Structure formats: structure tokens, C-alpha cells
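Fair warning: this is a prediction, and the values are worked out from it, not measured in the lab.
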Amino acid sequence: MVSQNTKILVNQDWCKKCGICVAFCPKKVLGQDELGRVVIVAPEQCIACKTCERLCPDFAINIEVNKE
Amino acid sequence: MVSQNTKILVNQDWCKKCGICVAFCPKKVLGQDELGRVVIVAPEQCIACKTCERLCPDFAINIEVNKE
Amino acid sequence: MFSDIAQYFRTEALPHIWCPGCGIGTITAAIVRSIKTLQLDQNKVVIVSGIGCSSRMPGYLDFNTLHTTHGRALAFATGIKASRPELDVFVIMGDGDASAIGGNHFIHAARRNIDLTAIIINNSIYGMTGGQSSPMTPHDKRATTSPYGNLERPFQILEVAKAAGATYGARATAFHNQLLTKLIVNAYNNPGFSVVETISQCPVAYGRRNKFKTPADMLLWQKEHGISAGRKELGAEDFLIGEIFKAEAPEYTQEYAKLRQRLKGE
Amino acid sequence: MFSDIAQYFRTEALPHIWCPGCGIGTITAAIVRSIKTLQLDQNKVVIVSGIGCSSRMPGYLDFNTLHTTHGRALAFATGIKASRPELDVFVIMGDGDASAIGGNHFIHAARRNIDLTAIIINNSIYGMTGGQSSPMTPHDKRATTSPYGNLERPFQILEVAKAAGATYGARATAFHNQLLTKLIVNAYNNPGFSVVETISQCPVAYGRRNKFKTPADMLLWQKEHGISAGRKELGAEDFLIGEIFKAEAPEYTQEYAKLRQRLKGE
Amino acid sequence: MAKQQFIFSGTGGQGLILAAIMLADAAVLAGQNVVQSQSYGPEARGGASKAEVIISDEAINYPKVQKPDLVLSISQEAYKKYGLSLDEEVVLIVDDTYVPETKPRSRNFYSLPLTKVTRTEFGSEQSANVVALGAVAAISRQLSLEQVREAVRQRAPKGTADRNLKALELGWQLGIGALKRAKA
Amino acid sequence: MAKQQFIFSGTGGQGLILAAIMLADAAVLAGQNVVQSQSYGPEARGGASKAEVIISDEAINYPKVQKPDLVLSISQEAYKKYGLSLDEEVVLIVDDTYVPETKPRSRNFYSLPLTKVTRTEFGSEQSANVVALGAVAAISRQLSLEQVREAVRQRAPKGTADRNLKALELGWQLGIGALKRAKA
Amino acid sequence: MSKARLMQGNEACAEGALAAGVKFYAGYPITPSTEIAEIMAEKLPLIGGTFIQMEDEIGSMAAIIGASLTGAKALTATSGPGFSLKQENLGFAIATEVPCVLVNVQRAGPSTGLPTSPAQADVMQARWGTHGDHPIIALCPSSVQECYELTVKAFNFAEEFRQPVIMLMDEVVGHLREKVVLPESVEIVGRKKPSVSPDEYIPYENNESRIPAMANFGDGYRYHVTGLTHGENGLPTGKPAVAEKYLERLMRKLDPYLDRIQRYEEILLEDAELIVVAYGGPARSALEAVHAARSEGLNVGFFRPITIWPFPQDALERYADRRFLVPEMNSGQLVGEIERVVGRRQVERFNRIDGELITPDQILTRIQEVMIHV
Amino acid sequence: MSKARLMQGNEACAEGALAAGVKFYAGYPITPSTEIAEIMAEKLPLIGGTFIQMEDEIGSMAAIIGASLTGAKALTATSGPGFSLKQENLGFAIATEVPCVLVNVQRAGPSTGLPTSPAQADVMQARWGTHGDHPIIALCPSSVQECYELTVKAFNFAEEFRQPVIMLMDEVVGHLREKVVLPESVEIVGRKKPSVSPDEYIPYENNESRIPAMANFGDGYRYHVTGLTHGENGLPTGKPAVAEKYLERLMRKLDPYLDRIQRYEEILLEDAELIVVAYGGPARSALEAVHAARSEGLNVGFFRPITIWPFPQDALERYADRRFLVPEMNSGQLVGEIERVVGRRQVERFNRIDGELITPDQILTRIQEVMIHV
Ligand SMILES: Cc1ncc(C[n+]2csc(CCOP(=O)(O)OP(=O)(O)O)c2C)c(N)n1
Ligand SMILES: Cc1ncc(C[n+]2csc(CCOP(=O)(O)OP(=O)(O)O)c2C)c(N)n1
Ligand code: SF4
Ligand code: SF4
Ligand code: SF4
Ligand code: SF4
Ligand code: SF4
Ligand code: SF4
Ligand SMILES: [Mg+2]
Ligand SMILES: [Mg+2]
């Protein structure tokens, strides 16, 4: 497990709340608040697959993996 | 033989002296004079195949067959 | 036999402007013979063309005739056919007309499979403007704009037509003009977009530059290199003649008619 | 990973203008990753586009970028490549841009087999102008100009490319964006005209009218219907992804270079 | 009725233009002259969106709002652009969900739960535009509920008339309530 | 030299334009001002063809021949159009093969066997245009044989220089002979 | 019953076309004209007409000409870039005298420019955009009501004069929604059909009306249509005399009808010292400014050419002794023609080119500058 | 050694281009311009340049813009129908300020017209043919020598001002062969390159010269080129203020250089009561007529605009008190501009539209009519 070393960065200025990252995160790490903003609901679940990052149309997610 | 009943009509006003009819007549019925005009040199040889007529780009030859 | 088809000509406009030995005249007669064979109502036939030597053809023919702008014949024809589908629309284009400037209208007419009979007169050159290379000039051949031999590859225009959606493709030559007449009849009978590529000789702008001494030499070349399917293996300069492909697809004006019908129902 | 590719972006121009959930952004990142993978010199890369939502892409990318007129990107790119063949030229087009108004330049770039990497972003619609049908809108689907469902058949654009002379054709989707990155790398490596068709989602102008509730639904559709060769038989809405064809043919700028060389010799 | 000028502002996709059209329709039903226009952002892809309506019993030449009588803002960005520095004469209506931060104003200011009410009633935000229209119409007091209702009936996309009429009613009530509170 | 105006007329494919260009080239070599033009028939497909040359030691403004000094006609049609109704001052040269029918003229008229001589010498009609050029140049007496020779050398298509120089010589001799006969 | 309705300018244009009897539309989408195509796509199949989305603007123009030759009233609509592309075939329609209507909803240019912003920058292109000499009619609406009415007129002119007609709209009126009251019925003019038998039919007859009768393709009158210079029989000619006759007629065919074709609006001109000449969307601002200036006691009048081409020269020339102010949403286009007609020294300009509608205030300020401060 | 040679106008144009340093030609054949392409096809590969025959005129215009962006001097040539088709991309080149030269050898129109006959019927199209506001330079040669010289100038103007330049020829000069004396060397102007580092480079800088420095694609200065209205950084903008700044500069970029750009010829003007204003091929007839009139004792002068656009207005205006005769091979085009400049009442027209060159006699007769019989 590398989840401790993974940082999920969401650029709220660029995010357009399309919900794609939320829908495709295999681990349900991400969610949306009532205004549609992406929130990280289960960071510990993240497997750093970067699906969210690659699918995000707005370059708004950065998964930073700090392998130690 | 139907040759007796075949008329070869050359419309000299339309003929442009390209020589195609002469080159493709299987029976050497046609020739060209020194100014390039088409002349009928061997009418009796004509087999009314109409190759000349069909190939003439200028609609200048008419083969009229008078079957009796 | 010209007297047989003279009724389809504007004889007052003859003799035509084509050069001595030019294949377009021969092809014109073959096309007219197809229309005669089909016994089409002269008043319902429309002949549309673009610009080029080939495209001067409609002016000599006694139908509803439309000589348009360079490359656009199929777009004009599309307007005619879509507006009044009962008309029989033939479209005459040069190789440059159809495949260079007109390439887009060509692939779209094919995609729509609109019921037009398109006849491309392929003389491998821009005749009217005096011999520039066209997208159908064979590789390495000379033209005024390929003085060192044509660097480009020619279109396989029937391949393009097929890939774009046409439902009938055939090829003949000025020499094989009886075949041509038959193929045009079949093309007309195909209810969709049909293309007949017709190899023609341009002795003046192409032949002279490419070692053909006489128009007859060029016809001989057509005779030798135009091969019916299966007759022999194709050599370097050979090309197939006859029907090249057939396919089925919905035709544009019929689909539109169905739509109108459907909306009436609603 | 955006931080990894940020150097290729004009970040000051972000956020981009694309709608929420639009696939173009995802594809943009995939393209940039290809260029990164190829380790191309940023100063030698040229990105050319036409007009449309997709064609706004170059504005966000930090290369030599050229946003041209609708449908003409390949013709501009041809001028660039022919004039300076050492440049790496990528051409971004929408489906309408490439196949409607730009169809002619498309088939001619293919015929010349000029060494351009053409990426068609196929969202099945004219996005920028608000949702009219394009020549790649599937049959029966809705668009503002096909309010009763599209009567026409879409192009099989890779078939057309192949018939016209292109030497590389591949297809991926916004969803299959890692595949896309690989295919673009391969396309670039093909020394000739290469086409990568990329299926994208336009939730606003296409999805809404065609019963897709969310952008994610459209990506799911891509996931389900994009099939690698041999994986299974293709269903009605399925399409192949991966490399679709490869061929060999002389490349235009190389032929021209040879001509110059030959003339020097003379 | 003297010239009345309205600005509806928010982001693309919120249905503001449709709401403005409905307002304009209602004015036509009321026998008024009316023009309605919108600024398409340079590319109008999810960006700011603005719709304008001018209603008058005289001929309307210049078709753009020069001095609004009422501004509706349903995004923070739109509020900043169109609502923030308005004269206090001008009626300003904002949505309290999407415009959480507002400058205090002594009068003519209504921060209404347009989105919230819509969500509560319909479970989604769709029709919030018509709720807003109802509030605007009620607060502006230029048109009768029946006129606006008729306009909504005519313009609502197929199959949504009932929902939208309901939304209108909700908005109208919100507006009336707010007016009452303001008077009070 | 005063302004000299030439018309070369015949049918397309006879090489008249090239002959006119050679004449013009020769005039340039002679240090003259010169313009050369041609009328492309509406489609120039085997139809009538006309080339013009104006030579002058002054500036030439209007570039078309207004009143020719010399007309060459090598087709019956061209003769009808350009040769038939000429002033007798104007020199008229025709080819006796292709212009068999001519109106009698008291002077300045030369019916020359241009085609025949070419065929006899070369076995084909190619280069008849240069034979004609030779005759024209000789009869017009505006340019030296050497000047025209140089022009032919420069302009002749690759590999045909010798043949064409020969043709020029033939034409020139035809011209000189004709001049002599006319004087006699 | 003619009822008041709210309608968009582009929609009114489409409705006007339908009222005029349009049966064929071919087009290619482009902002800000697209609504016209969209309405046509919906409505034409319902009335037995045909909508076709072509591969580009060139093909669209070609297709409407083809359709018109079969007898259908035909329409296309576009904006700047598409207008440029249609020019070649527009010239074909003019040369062959095929009736059709081409709408250009002007946006800000050059090139792609500001696709959603208004401008009036194709005014001179509408006159001179295709190569070669040619006559043209271009109509310019200022209101949604006029979008409707002028489109009907455009079809009538096209049919009566065998002449392509340009509806020169702008984004302001094209996208404006406004109250309109549509008439219950409109006057419709169709093309003149041959009254002779096919044998006697002369397709490009040089008759007194200058407008040859036009037979439909398919109706038994077989004739030739070509963009080459042609004789009365329609066949190409290279003969200068025939060419001249043809071109003379073509260039002057509208002359006998100018009184009917040239439309304009005049307000408060009698005592006007300064006349504001404006057209299209910005004319609305100009009129408001004129009223404001009057209320300040300035003797200002308003002249609005509705027919932009042929420009109503005679009408304006009557005021050649006044001064003029020409506000335009371009860098100065129609003003050149006005200068030509009334004299350059009398004419002041006001130009706005940033994609925003000129305001009444801007014009009023300019009026004040011209009348007071100078 | 500069030697006298016989050369055709089109050939001289091609040679001028080569002398100016052309390295790229893209075109599509069309009478009467084709010789230019043919010469380029032969010569460019010999000097390391590139000739490409494109699929149409639209693509040709696009390709030369692309090539120019890589640093190559680029040329295309066409005639009427092709000129119409090039308009959209011509507008792109103007908007993006990409240097290039576009030759239009005018033939008789409209539409296909008389493809081998001369005319001057694209004069106004050269000014207004593309949509949207735009500046333009168009040069008009009257002799073969001038075809050469002006083509060199055209390239110099294009490069110096980042401005597409039109060589507005006509079939008369294009196909005329005439004695020319080519200079041993010509003055060549290249485009201004950035003098700053890539970081500091502002591709559409609003600097004092009004002409931004231009970097080649591939040379390390990465920037964006778009036909959308753009800011100084080259990126698209919808902001009215930025748009206005850009368009203002674009529309006025030539103003500081007008003295150098505007060329014209003046002959016998001092005491002229009537000034014949003529250009292109027909100017030759006009000059001959002027001399003939003088020899009849008529005080006639000759003014020939060589730069047609921007029209040398100030130069002509000096003579605004004289009368004018404007012979043109069209139905009256440039005459409108002359009327605008000097006043309509002073100007007489003479138009020939049958495809034949106006003769000196025709102009002389008209001079006599105007000066004597009236
Ligand atoms: C828009 C436009 N571009 C170019 C031309 C010039 N032009 C006339 S015909 C032609 C090509 C002719 O070649 P093709 O179509 O093969 O017909 P052909 O003359 O060989 O029969 C060209 C380029 C034109 N008339 N219009
Ligand atoms: C000549 C021209 N015609 C039409 C347009 C209008 N237009 C802009 S983008 C576009 C089509 C966009 O569709 P597509 O190419 O599929 O790109 P998308 O927006 O879907 O990415 C059209 C028709 C234009 N800008 N120029
Ligand atoms: S990296 Fe994978 S697991 Fe982690 S948030 Fe993104 S999609 Fe979910
Ligand atoms: S995919 Fe990107 S833009 Fe969409 S919600 Fe997630 S972070 Fe936001
Ligand atoms: S019909 Fe046949 S045999 Fe007779 S002349 Fe013609 S080609 Fe010869
Ligand atoms: S084929 Fe026809 S045109 Fe040719 S020579 Fe024979 S008759 Fe004459
Ligand atoms: S140029 Fe060629 S194609 Fe044209 S008429 Fe002459 S021979 Fe025929
Ligand atoms: S309209 Fe469609 S393609 Fe364009 S940005 Fe929006 S979602 Fe993307
Ligand atoms: Mg050809
Ligand atoms: Mg698309």
C-alpha cells in the first residue's frame, strides 16, 4: 500500500464539476459536495491509479505519489 | 456481304483530321490526303463495323447501312 | 449512327471546341447512346458539369444542361436532385474537376449515396488550362507543373468513391466505348450514387508531353492496358475495366421522401 | 501527472473554454503525453488546427501553434511541412472540420502521404456552433439540424483515409486515453500521412440530445463500445480501437527532397 | 408602463436566457413592446451568461439595457460583475446558495433561496431558472401572475410545462413573501 | 526604324506564336523596342490563332496592332479574317497549300510554298512556322538574318535548334527569291 | 389573425422565407446565423420542402442554385467566413440569373474574429465580393419585424428580377428577440415563366423588361445555363459584340426598377442641418440619439438606407447641402459611398469596431461635437 | 550584366518573385495566370525552394501562409474565380499579419466569363473581397518591366509590413511579351525578426512602428497564431478593449508608411484641364490617347495609380479642381473612389466590358467629347 504517500490535489479553480473523476474512481475516493465541488472522501483508499487524473478534462487533478 | 449497301459519309466541316478513323478501320477503307482530309480509299472493303464512327471524336462519320 | 443520336444534340453548336483527336467527343457519343438505350425522356434529363474541356460537353447536348463552376458540379446536381428527385441527373466532370478542387463534393455525394450518375472523364491532365498535372496524373508523367515528372501518386478514384459510400463504380475508356455505354446504363439503373471513370485521351496537353505521337497511339494504349477482370494479371500500366464495385445503401432523396411521409403521419 | 506535462502548456491561458465534462481536455493531455514520450524538441513541434471546439486546443499548448480557418488546417500544415520538413507537425481537427468542409484537404494530404500526424477529435457533432449534425454523426441520432434523427450515413473516415492513400490509421477514445497516447506515438513514427481518429464526448451539444445524462455516461459508452480487434464481434454501436491500417508509400517531402538532389546532380 | 429594464445574470447552463424569454413573452401578452437579448460570451462554453429584457409601452430603439431597473444574479461571478456596484434604486435579487457573499445594501435587495427551494421541491436544480423568473416577476410588479404563467406554458420545453408552472408559482410566492418582508 | 506591325495568323498548333516570339526576340537583339501578343481564341482548341508583333525604336504604348505593315496567313480561315480585305500597302504573305484561294492583288502579295518546302525538306510539317518566319523576316527587311538566326537559336525547343535554323534559312531564301521576283 | 409574438431576428427571417414560399434550403452552420438553418431543418420537410446540410458553404450556394433551376424558391444563410466562401458561386448565380436569397448575419471580423459579436463589416463585400462586374441587391433590416418583411421582399426581388438577393443582417438584429406582428398574408411574386412554346423560348432574351422569362429544368424547355459569357440562346460566346450585349443588360437590369427596389427611411429631415445616416442594428441607437439631440434643440435628422445596394443615391442626393454623420460598426465602409454621393467634406464618421453595439450616447456625443464644438 | 530580354508579363512576375527571394509557391492552375505556376514548378526546386500544386485555391492560399510562418517568402497566383476562393484565407493572412504575395491576373467576368480575355473587374474585390474590416495593399503594373519591379516591391512590402500584398495584373500585361531590362540586383527587404529573447517576445506587440517583429516557426520563439481577434500575446480575446486595440493597429498599420507605399505616375498634369486616370494594361492606351489629344492641342494630362490600394488619395486630391476621365475595362469600379476623392461632378467615365482592350481611339474620342463637344 502506498496510499499514505499519495497526495490528491484538486485545483478548484480549474475544476468544472463534471463528475467524471468521481464516477470513474475505482475506489470511491472522490465525491461531490452540494455545490458540485469535488471532495476527497476516502483518501486512504486511493491506489494512485491516476484514472481520475487522466480522465479529468480540466487538468484539475494531480496525484502525487511519494514513493519511499 | 452487305458492302454494296453501305454508305460512308464524312462530314468534312466537322472532321478535324485526327486520323483515328483511318488508324482503326480494320479494313483500311479510309485514308488521308496530303492536307489530312479523310478520303474513302476502299469503300468496297467496308464491313460496316462502325468502329470509325464510334471512335470519331467529331461525330464526322456516318455509316449508313441499307440492308435489303 | 450519329444521325441516330442527332436528336440529342444541339447540332447548331457543332463542330465542338475539342482538339483534333480528343477523346471527349467519342465519350460524348457513348453517353448519349446510353441515354438513348435507356429511352429517357429528354425533358427530364439534366446534364450538369463543372469547368474544363470535358465539362463543355453539356453545351452540345439537347437536355436541361448546366455548366457550373470548377469542381462544384456535384453540389449543384445535389441541389437539383434533392429538390426534384424525378429528374434524371448525369454529372460530367474532368479528372481535375472531380478529384482536385471537387474532391469534397465527390466524397459527400458518395456518402449521401444520392442518386446521381457521375461520369469522370479522366485524361490524366488539366486539359483546359493547358496541361498541368492533376491528382489523377500517373506518377512520373510529365505536365507543365511537373516538368521533372509527377512526384505524386494518383488517386484510385473508384477506391475513394467506394470508401466514401458510393454504391456503383465502373471504368471504361474512349476506346472501349461500347462497354462505356453499357456501364452508364447500369450506373443509371443503380439507385444511388454511381461513378463511371472513363479514361480519355488528351493528345494536346498530355499526349505530346508523354511520348504519344498521335491520338490513335493513345487509343491503342487504352486498348492494350484496359483489362477486363480476370483476363490477365495486371501489368504496371494496366487498369481494370468493367464494373469495379457494387454495394447497397439507403439513397438520400428516398430517405428524405420517407421523412416527409413519416412527418405527415405524425 | 499534470505537473509532469505542465511545461507543454500555456498555463496562463487555463482554465480552458471547454464545457464541463467535454472530452477534448482529456484528449489534449493524452496528446501532450505522446509528445513527451517522443521527447520531441518543443521548439520544433508545430500544432495546427482548424476551427471548432477541438481546434481551440493549440491555444493552450506551448509549441509553435496555429489556429487556422475552418476545415483548412491540413492545407496550412502542408505549407509548413513542405517548406520546412524538419518540423514535427501535428494537426488537430474536429470531425466536422476534418470531414465536412475539410474533406478535400484530408484526402489530398492522404494522397500525397505527407508526413503529418492528423488527429481527428470525433465528438459526432458540430460542438462549437451548438450541435448541428456532422458527416460523422451516426445515422438516426439527433442534432439541431437533424431534429428528426440523422438521415445520412456517417463517413468511415479511416476507410476514406486509406483509400485516399494515407499510410497509418488508428482509433481510440477519450476514455482509452493511454491507448491514444501510444497510437499517437506510433502515428508520429510513421513516415507519412497518419490519422488518429479519437472518439470524444460532447455532453452539451450531443449528449443532451441523445439521451446521455452525464459526461461520465458518455465515457462509459466509449468504454463499452470501443473494442480492440479480435476481442469480440462488433455489435451495432461498437467500433474498433487500436491500429486499423498501415501501408507503405513514398512520402511527399522526401520525394521533393530527392528531386532537388537529382536536379543538383544534373 | 414606463420603460422597465431587466438583467438576468449567471453562468451558462442555468437557463437564464429561457427565463428572460419567458418574461419577454409575458410582456408581449400584456400588450407591451419588448426586446430581449443576451450576450454570448466569446465562446459561451460554461462561462458567464447574461440576458436582458426591456419592456415599454413606447417604441424601443436601442435594444440593450442602459440602466437596469432590476438585476438577477445567480452566480457569485455574475453578482460581482452586475450586482455589486449597483445603485440602491435598482432592485437586486440573488440566489443565496450560489451568491453567498454579498455587500450589505439598505434596500431593494433580496437574497432568496431559489436553488434550495427548487431542490427541495423537485430533487434537482432544474427549473431553478423558472423559480427565479417567478421571483423576479413578483418583485418587479410589472406583470400579472396569469400573464407569466401563460408565457411559461407556451415556452416550456415539451413535457415540462407542469413542473415549470409549479416552479413559477414557487418563485412567485418567494417574491411576494420577500416584498412583504421588505415592506414590513 | 519607324513602328512596324506584324500579324501572324493561322490555326492553333501551327506554331505561329513561337514564330512571332522569335521575330520579337530578334528585334530585341537589334536593340529595338518590341511587344508581342496573341489572341487566345475563347478556348483556343484548334481554332483560329493570331499573334502580333510591334517593333519600334520609340516607346510602344498601346500593345495591339492597329494597322499592320505585314500579315502572314497560313490557313484559309485566317486569310479570310485578316488577309482578304487588306490595304494593298500592307504586305500579305500566305501559304500556297493552306490558302489555295486568294483574291488577286496588284502588289505586296506573296503566296509561298511554305508547307511544301517544309515537307520536302523535313518529311513533315513541323518547322513550317520557322520557314514562315524566315520568309516574313526576309520580306519585311527590318532585321538581319543573323539577328533572326540568333533568336531562333535561343528559342528553339531543346534538340531542335539545327532543324529550325535550317528551316529559317529555307524561309529566308523563299522570301529573298520572292522579293526578287516582285522587283523583276 | 395577425397576433403579436416574441420572435428572434433569425427566426423572423426564417418565417419570412416560409411565408414567401421557400421550398429549399442548403447551408452550412455558422454563428450567428445558425438558427435559420435549424428552423428550416425542422419546418421544410413538414411542408414538402427540402433541407440539406451541405459539406461546406461553397456546396450550399451551389445546391440552392441547382434547386432554384428546378423551380424551387431557395435560401441559404451564413456569416462572414462562409460569405467569403460563397462568393464564387454567388457570381455564378448572378451571371446565370438564377433567383435565390443569401442571408449574411454579420459578425465581427476579419477572419474568424469575434464570432459571437456584431459588426457591419461585410457591407462593401456584399457589393464587391465576387470577381468581375455584377449587379447586386442587398437589404438590411433594423428590427425583427423587418427581418420578416425584408426576407419576403428579398424573395420577391429575387424571383421578379432573376437576381440573387442578399439579406445583410447583423448579429444585433439576428439574435434580438422582439415583439412582432406578422401579417395574415404577404404579397408574393413568382418568376416570369415562358409564355411561348419550347421551340420559341429564348432563355436569355434581351427583351424590353431586361428580365428574361425563366423555365424550370424538367418542364419541357430544354436550355443551357453557363457561367461563361453567353448569348441570348444561353450558349457560350467569345464574340465581343455578343458579350457586350449580355453584360450591358446584366449590369443594367435593375435600372428600370430602382424606384421599387430602393427603400429607405427618412425622419425629421426637413429642417435637419445634420443627417445621421445609419442602417441595421446600430440604426436603432442612431434614432435614439437623434431624438435625444432634438430634445437638446439640435436640428438633426435620420436617414436609413434599407436597401444598401443598389444604394439609394438619388434619395440621399436631395440633401447634398446638409452635413452628415455616419455611425457604423466597422472602420468606415458605407460612408465611402455616402461621401461619393454628397461630397466628402460634408461627411463625418463614427466607427466602433470592438464587437459591442454602438450606444446612443456615443452617437449623441459625436453629434454634439460636430454641431456644437466645431 | 543587365541585358535586354523579351519577356512575358507573367514570366516577369515570376522572375521578380525569384529576384525578391521567393522560396515557396503553392497554387492551382487558372488562365490567364498559369504561366507563373509553371515557371515556379520548374525553377523553385533548382534553388532549394518548393513548388506544390494544391488541390484548390483555398488550399493554395492556406499553404503559402503556412510556409511563410516558417520563414519562407511565399507566392501564389490566380485569376477571378480563384481570387474569390482565396478571399477567406487572405483575410486570415491579414488578420494574423503573415507576409505573402497573391497575384491576380484579371480576366473578364463575372463567373467563368471570358477566361482568356482581359478585364479590370476585380479592382474593388481586391479592396473588399474578404469579410470584415481589413487593410490591403494592391499593386497594378502596366508593363512587363513593371510586372518584374512591382513583384519585387510586393514582396518587400509584404515582408516589411507583415501584410499580404496583391499583385493586381490583367490579361493584357500578363500575356504581353515585351522588352525588359532587368536590373543586376534589386533591393530586398526581409521581415523584422525579434531582437529579444523568446521569453520576452511579444508576437503581436503594439509597438510604435505598428509592425510587430515576426519569429519563424521552429526558431525557438513559440507563439500562437489565430484568426480570432487576439491580444498582443497572440491569444484569443473577447474583451472589447483588447479587440479594439488590435483592430485599430491593424487598420492603421500602413498609415505611417503611405508615402512610401503609394506609387503613381503623373504626366503632363501641370496645365491639364482634363486628367485621364488609368491603370494596368489600359493605361497604355490612355497614355497614347493623351499624347494624341495633346497633339490636337487639348490640355490633357495623365495620372496612373500604381498602388491601387491604398489609393493615392492625397496625390490625386491636389488636382481636385480639374476634370477627370476614367477609362476602365469594367463597368466602373475605381472611378467610384476617384469620385469620392475629387467630387462626383468632375468625373467622366469610359467603360469597355466586351473582353477587348480599350483602344487609344476610343479614349481620344471620349476626351474630345468631354472637352470639345460639351
Ligand atoms: C475556381 C477555378 N479554378 C481554376 C480554374 C481553371 N481551370 C479551368 S478547367 C481546369 C482544369 C481542367 O482539368 P480537368 O478537370 O481534368 O478537365 P479537362 O480540361 O482535362 O477535361 C482548371 C484548373 C477555374 N476555371 N476555376
Ligand atoms: C467557413 C466557416 N464555416 C463555418 C464556420 C462555423 N463553424 C465553426 S466550428 C464549426 C464546426 C465545429 O464542429 P467540429 O469541426 O466537429 O468541431 P467541434 O466543435 O465539434 O470540436 C463550424 C461549422 C466557420 N467558422 N467557418
Ligand atoms: S488515483 Fe485512482 S484511486 Fe486515487 S483518486 Fe484517482 S481514480 Fe481514485
Ligand atoms: S474530472 Fe476534473 S473537472 Fe471533472 S469534477 Fe473531477 S476534477 Fe473537476
Ligand atoms: S465501318 Fe468499319 S470497315 Fe467500314 S470504314 Fe468504318 S471502320 Fe472501316
Ligand atoms: S476520326 Fe473523325 S475527326 Fe478524326 S479524321 Fe476521322 S472523321 Fe476526321
Ligand atoms: S486540351 Fe486535351 S482534353 Fe482539352 S480539348 Fe484538347 S485534347 Fe481534349
Ligand atoms: S460544445 Fe461540446 S465539444 Fe464543445 S466544448 Fe462543449 S462539450 Fe466540448
Ligand atoms: Mg482532365
Ligand atoms: Mg465535432
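Most heavy-atom pairs under 4.5 Å with chain G, from the set H:Gly332, H:Ala108, H:Ser111: that is H:Ser111. Most heavy-atom pairs under 4.5 Å with chain H: of the set G:Ala95, G:Gly227, G:Gly109, this distinction falls to G:Gly227. The choice from H:Thr112, H:Ile338, H:Asp133 that makes the most heavy-atom pairs within less than 4.5 Å of chain G is H:Asp133. Options H:Arg340, H:Gln333, H:Glu337, H:His131 differ in how many heavy-atom pairs under 4.5 Å they form with chain G, and the most are formed by H:His131.
Within the 4.5 angstrom heavy-atom criterion, only side-chain atoms of G:Glu356, from C-beta onward, approach chain H. Looking at G:Glu328, neither its backbone nor its side chain comes within 4.5 Å of chain H, counting heavy atoms on both sides. For G:Gln106, no part sits under 4.5 Å from any heavy atom of chain H, backbone or side chain. Interface remark: G:Met251 contributes side-chain atoms only to the contact with chain H (heavy atom separation under 4.5 Å). Contact of G:Arg127 with chain H is not made at all, since no heavy-atom distance falls under 4.5 Å. Heavy atoms closer than 4.5 Å to chain H are found nowhere in G:Val342, neither backbone nor side chain. There is no contact between G:Leu90 and chain H, counting heavy-atom distances below 4.5 Å.
Between the OG1 atom in G:Thr237 and the CD atom in G:Glu244 there is a gap of 12.0 Å [rounded to 0.5 Å]. Rounding to the nearest 0.5 Å places CZ of G:Phe311 at 9.5 Å from OH of G:Tyr279.
A 4.5 Å side-chain heavy-atom check between G:Pro282 and G:Asp170 finds at least one atom pair inside the cut-off. Annotation: side chain of G:Thr116 is not in contact with side chain of G:His175 (no heavy-atom distance under 4.5 Å).
At a cut-off of 3.5 Å, with distance as the only test, a side-chain donor of H:Thr76 or H:Lys86 sits close to an acceptor on the other residue.
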